[in-house]
2 protein chains.
Amino acid sequence: MARVSIKDIAIALGVSNATVSLVINGKEKEGRVGFEMAEKIRAKAKELNYEPNNLARSLRIGRSETIGLIVADISNIFFATLAFHIQEYAEKLGYTIVITNTNEDTSKMEKMIQTLQSRQVDGFIIVPTENGEEYIAKLVKSKIPVVLLDRCFPAIETSHVMIDNHQTSYLATRHLIALGCKKIALLTYKNKLHHMAERKRGYVEAVQNANIFDAGLIKEVNYENITEDTNNAINDLLKIKDLDGIFFSTDSVCVAGIKYMQETDKNIFKKVNLMSFDRNEIFDFVNYDVPYMMQPLPEMGRRAIDILVNKIVNKSNTSEKIELQASLHS
Amino acid sequence: MARVSIKDIAIALGVSNATVSLVINGKEKEGRVGFEMAEKIRAKAKELNYEPNNLARSLRIGRSETIGLIVADISNIFFATLAFHIQEYAEKLGYTIVITNTNEDTSKMEKMIQTLQSRQVDGFIIVPTENGEEYIAKLVKSKIPVVLLDRCFPAIETSHVMIDNHQTSYLATRHLIALGCKKIALLTYKNKLHHMAERKRGYVEAVQNANIFDAGLIKEVNYENITEDTNNAINDLLKIKDLDGIFFSTDSVCVAGIKYMQETDKNIFKKVNLMSFDRNEIFDFVNYDVPYMMQPLPEMGRRAIDILVNKIVNKSNTSEKIELQASLHS
DNA sequence: CTGAAAGCGCTTACAG
DNA sequence: CTGAAAGCGCTTACAG
């Protein structure tokens with residue numbers, strides 16, 4: 001039951017390893033192997049049930065045709081869907097995707113990157129953690145191809161694929177304003193990630209332009225303590241007279257918010273308009289049509305792969321910064 | 001920027017590759033390298049920023065310490081969570097998990113397995129597709145370590161980790177009966193997978209024992225057409241006089257069912273008791289406490305890894321068939 | 001305590 | 001059109 005190698009085929013047929021390798025890789029034309037010999041080799045390969053050893057191949061050619069995908073939380077439907085699209089597309093290009101998970105933990109991210117590097121991945125697509133800037137900077141400096149996804153560090157010169165968070169947030173807020181809202185709250189994560197700051201900036205710009213800015217309407221919650229923090233924030237907000245809009249900067253906060261509001265006041269949605277970032281399945285079960293800004297997940301995945309593969313294949317070193325548009329669903 | 005290898009360290013220090021390798025792998029004691037030399041080697045490795053090449057190592061030792069995990073749908077929270085736990089646990093044991101996705105497509109499953117085999121994974125954890133029996137049988141016969149997860153093919157002699165579907169389903173139905181239900185419907189997938197048949201069997205046994213079996217209360221829907229089929233099934237069921245219970249054999253069907261029922265009749269949950277297989281986030285947003293049978297995902301993941309690693313390391317060839325208990329939440 | 005050498009399975013110049 | 005040989009970066013008997 002020992003695995004059969006190129007050598008076994010070569011010996012069985014009395015030819016050289018080189019000839020077999022050429023045929024197996026379909027290089028018989030440029031490679032100058034006779035048609036009959038090629039046919040014999042293919043037949044023998046099938047007969048012996050030959051399966052190539054890609055480890056050996058990778059070692060020899062110096063590429064593994066494997067890409068490391070590092071996401072923040074694979075059990076979050078947003079990242080799971082993104083991972084799904086990335087895998088689908090990468091497969092078409094002949095790359096295998098290795099997905100790993102950081103749980104928003106920087107030391108874990110570092111460990112994952114090291115593990116994958118020792119397995120010789122050709123490049124990385126990374127959703128970086130909040131405190132991961134230093135390590136990502138080091139990684140990028142080491143010249144291994146990297147594309148950041150969904151999030152970025154403006155101080156580092158890297159390629160990234162994300163949406164235009166500022167613009168998306170601005171448009172989301174404008175939508176509430178167009179609906180006639182005058183007191184619009186923002187419920188967002190408290191962290192240093194740039195994309196979150198951009199979402200806040202988009203909101204602030206929109207309410208300022210409409211002359212309805214009020215710093216007291218901005219509430220920030222911690223990722224680790226989302227339920228309790230959100231409940232408290234909503235409690236505070238509902239005390240505000242004439243509150244008529246809440247913009248949630250992610251669907252996870254929106255879900256937590258809606259859950260609490262439903263329990264608190266069944267008629268809340270008649271008074272307060274919501275807006276979410278990304279869709280969540282639970283929206284179908286709420287007695288209110290939640291409008292949301294949808295990120296183009298399949299395209300984000302494709303673009304990330306395209307840029308990364310270009311870096312890998314052409315050794316391109318330019319930083320491509322892609323910011324896609326999200327679409328309003330209401 | 002060329003990667004530094006063991007050889008570079010050896011040359012820099014004027015020692016042999018073997019000595020460096022021994023130290024790097026912490027085998028200096030059994031390996032008989034002097035402490036001072038070991039220290040010098042470690043220092044030089046750090047200085048040169050040495051990172052081992054696991055591809056080369058795997059090729060040499062004949063193991064990759066990588067496990068292929070093949071799930072049916074990574075964007076389904078059930079599998080995503082399972083994948084998460086498997087990865088967490090495998091990492092502790094020094095294994096890297098490569099996750100891929102079949103989308104319930106058998107030809108895709110075959111392709112994924114081949115790809116991973118050529119990358120020399122040491123073994124597989126597989127959630128097999130409905131028509132994948134033949135290929136899985138072939139795979140198992142080839143002696144590569146395999147553990148089936150969540151589903152199994154009784155005709156094939158393999159290891160598997162799943163729950164006791166019959167018993168779980170039986171208890172779920174008993175719960176509805178204990179609540180006083182006399183007309184309990186079953187809403188399940190129409191497919192040939194054994195675990196689904198077991199869920200049906202558990203339901204049938206429970207209602208037969210209670211003398212309330214009625215074949216007309218069993219409705220089957222297609223995975224590909226879940227929304228429409230479920231709506232039709234629910235429509236039929238709601239025409240039945242005195243219907244007082246519905247058991248959903250998976251949370252995905254339950255979600256579809258609840259969605260439709262909510263739209264159809266707001267007071268439905270006062271008349272009909274539900275029971276779901278597994279929990280879903282949307283249950284929090286339904287005006288009714290959905291009871292469910294919860295599968296022990298972390299344990300399922302751990303057991304699958306333990307069995308697989310045992311096969312890999314000890315070349316164990318016995319089939320371990322693990323059937324865990326699910327717990328009732330109501 | 002340390003080194004020289006073979007070999008894992010492949011690919012790729014080079015020679016003929 | 002085909003073969004002999006080197007080498008990717010490791011590990012592991014074997015010899016001393």
Side-chain angles (χ1 to χ4, degrees), chain A residues 1-42 44-45 48-66 94 117-122, chain B residues 1-42 44-45 48-66 115 117-122:
Chain A
M1 226 42 177
R3 288 186 66 93
V4 5
S5 71
I6 275 189
K7 205 170 148 193
D8 298 318
I9 300 176
I11 290 173
L13 256 35
V15 299
S16 78
N17 295 354
T19 307
V20 177
S21 171
L22 252 18
V23 173
I24 297 290
N25 290 294
K27 291 190 183 162
E28 57 198 83
K29 295 226 168 95
E30 50 172 293
R32 326 126 313 171
V33 182
F35 179 72
E36 284 186 18
M37 178 50 67
E39 284 290 284
K40 268 168 74 178
I41 289 172
R42 274 189 287 267
K44 185 56 90 178
L48 297 181
N49 224 329
Y50 170 72
E51 298 279 357
N53 182 330
N54 260 309
L55 242 46
R57 176 166 196 272
S58 297
L59 180 62
R60 180 55 232 248
I61 67 175
R63 283 172 289 119
S64 65
E65 276 146 2
T66 299
Q117 270 191 297
S118 82
R119 309 247 183 210
Q120 311 304 112
V121 296
D122 292 340
Chain B
M1 226 40 180
R3 287 186 68 91
V4 4
S5 72
I6 275 188
K7 204 170 150 191
D8 298 319
I9 300 176
I11 290 173
L13 256 34
V15 299
S16 78
N17 295 355
T19 307
V20 177
S21 171
L22 252 16
V23 173
I24 297 289
N25 290 293
K27 291 191 183 160
E28 57 198 83
K29 293 220 170 103
E30 51 172 292
R32 326 124 315 171
V33 182
F35 179 73
E36 284 185 19
M37 178 49 70
E39 285 290 283
K40 267 168 75 180
I41 289 171
R42 274 190 287 266
K44 185 56 88 178
L48 296 181
N49 224 330
Y50 170 72
E51 297 279 356
N53 182 330
N54 259 310
L55 240 46
R57 176 166 195 272
S58 297
L59 180 61
R60 178 57 232 246
I61 67 174
R63 283 172 289 121
S64 65
E65 276 146 2
T66 299
T115 303
Q117 269 191 298
S118 81
R119 309 247 183 212
Q120 309 305 112
V121 296
D122 292 341

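Quick caveat, the model's predicted, so the values are computed rather than measured. Below, each value reflects all heavy atoms present in this structure, side chains not excepted, and no hydrogens, waters or symmetry copies. Every chain is numbered from 1, with letters handed out A, B, ... down the list of sequences.
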I need the minimum non-hydrogen distance between [X] and [Y], along with the two atoms involved.
X	Y	result
Tyr50(B)	Val4(B)	CD1-O, 3.3 Å
Gln120(B)	Asn54(A)	OE1-N, 4.2 Å
Ser64(A)	Ser58(A)	CA-OG, 3.3 Å
Asp122(B)	Glu65(B)	OD2-N, 2.6 Å

Exercise. How is Ser21(B) classified with respect to the nucleic acid when contacts are heavy atoms under 4.0 Å: base, sugar-phosphate, or nothing?
Worked result: base

Exercise. Under 4.0 angstrom, heavy atoms only, what part of the nucleic acid is Tyr50(B) near: base, sugar-phosphate, or nothing?
Worked result: sugar-phosphate

[X] [atom1] to [N] [atom2], straight-line distance once rounded to whole Å:
X	N	atom1	atom2	value
Gln120(A)	dC8(D)	CD	C1'	10 Å
Leu48(A)	dG9(C)	CG	P	14 Å
Phe35(B)	dT2(C)	CZ	P	13 Å
Arg57(B)	dC8(D)	CZ	C1'	17 Å
Asp8(B)	dG9(D)	CG	P	8 Å
Leu22(A)	dA13(C)	CG	P	11 Å
Arg63(B)	dT12(D)	CZ	P	8 Å
Arg119(A)	dC10(D)	CZ	C1'	14 Å

So which protein N/O to nucleotides 4-7 of chain D N/O distances come out below 3.5 Å?
unit_1 : atom_1 : unit_2   : atom_2 : d
dG7(D) : N2     : Arg60(A) : NH1    : 3.3

For this session: Any chance you could lay out the side-chain contact (heavy atoms from CB on, under 4.5 Å) test for Ile41(A) and Leu22(A), step after step, and finish with the verdict?
Result: CA-CA 10 Å; Ile41(A) 289 172; Leu22(A) 252 18; over 6 Å; no

Nearest of [options] to any side-chain atom of [X]?
X	options	result
Leu59(B)	dC8(C), dG3(D), dC10(D)	dC8(C)
Lys7(B)	dC8(D), dT11(C), dG9(C)	dC8(D)
Val15(B)	dT12(C), dG3(C), dT11(D)	dG3(C)

For this session: For dA4(C), give its Watson-Crick or G-U wobble partner with both distances under 3.5 Å, or none.
Result: none

Problem set entry | OP1 or OP2 of dT11(D) under 4.0 Å from side-chain N/O of Asn25(B) | yes

Exercise. Quick one: is dG3(C) close enough that its OP1 or OP2 comes under 4.0 Å of any side-chain N or O from Thr19(B)?
Worked result: yes

Exercise. Going through the checks in order, is the side-chain hydrogen bond (donor to acceptor under 3.5 Å, both in side chains) test met by Arg119(A) and Thr66(A)?
Worked result: CA-CA 9 Å; Arg119(A) 309 247 183 210; Thr66(A) 299; over 6 Å; no

Problem set entry | Side-chain touch Arg57(B)/Asn25(B), heavy atoms, less than 4.5 angstrom | yes

